[in-house]
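Values reported hereafter were calculated over all heavy atoms of this structure, with side chains retained and with hydrogens, waters and symmetry mates removed.
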Amino acid sequence: MVATTVVILVACAALIVLRAFTLARSRGSVPCRLRVGERGWRSGVARYADGELHWIPLLGVRLRPRHAIARRGLVVSARREIDGGLFAVDCGGTTRGISLAMSADALTGFLAWLESAPPSAYLDVA
């Protein structure tokens, strides 16, 4: 009974680690930390999809993104350096209380994505 439980726990841990590795290595994903409010930083992966930035936690069992940050109405603060050579920005506008931290290259890509929306993308047409 104990051996079966240990085998199941090891298999679950292996699946979670494999998921984290697959997310980190998948095409179009960048390592990104996220902080909501005053909580601590959580490691994850960010993906760009349909005018949104999807953030998926690195460790976990959910297959869907934990946060979807819409490009429309998103305002970011000036970047600041935090530990480990990462740069953080605070998100404002329609998304409040969320901070993102990523490498300098990933942050440059994020800011380019934010500014690259066509002008008509923000028009509400009835």
> Can you give me the closest heavy-atom contact between L86 and S103, atom names plus distance?
CD2-N, 3.7 Å

> Rounded to the nearest 0.5 Å, what separation is found between the CG atom of L100 and the SG atom of C32?
4.5 Å

> Nearest 0.5 angstrom please: S99 OG to E38 CD, how far?
8.0 Å

> List the steps, then state whether side chain to side chain contact (heavy atoms under 4.5 Å, CB included) holds for F110 with V30.
CA-CA 10 Å; F110 170 70; V30 292; over 6 Å; no

> Got a donor-acceptor contact below 3.5 angstrom from the R71 side chain to the W113 backbone?
yes

> Please list, chain by chain and in numerical order, all residues satisfying salt bridge (Lys or Arg N to Asp or Glu O under 4.0 Å) with R79, sequence neighbours excluded.
none

> Looking at S43 and R33, what are the two nearest heavy atoms and their distance?
OG-NE, 4.0 Å

> When you look at H67 and L53, which way does the side chain to side chain contact (heavy atoms under 4.5 Å, CB included) test go after all the steps?
CA-CA 8 Å; H67 295 278; L53 177 77; over 6 Å; no

> Minimum heavy-atom separation for E52 to A70, with atom names?
CG-CA, 4.0 Å

> Locate the shortest heavy-atom distance separating S77 from V89; write the atom from each residue and the value.
O-CG1, 3.7 Å

> Would you name the heavy atoms of M102 and P31 that are closest together and state the gap between them?
CB-O, 3.8 Å

> Would you name the heavy atoms of A88 and W41 that are closest together and state the gap between them?
CB-CH2, 3.9 Å

> Could you work out, with salt bridge (Lys or Arg N to Asp or Glu O under 4.0 Å) as the rule, every residue matching D105, not counting sequence neighbours?
none

> Verify the cluster assignment for W55 and L111: are they in a single hydrophobic cluster under the rule of side-chain heavy atoms below 4.5 Å apart?
yes

> For the hydrophobic clusters of this structure (ILVMFWY residues joined by side-chain heavy atoms under 4.5 Å, transitively), does one cluster hold both V10 and V2?
yes

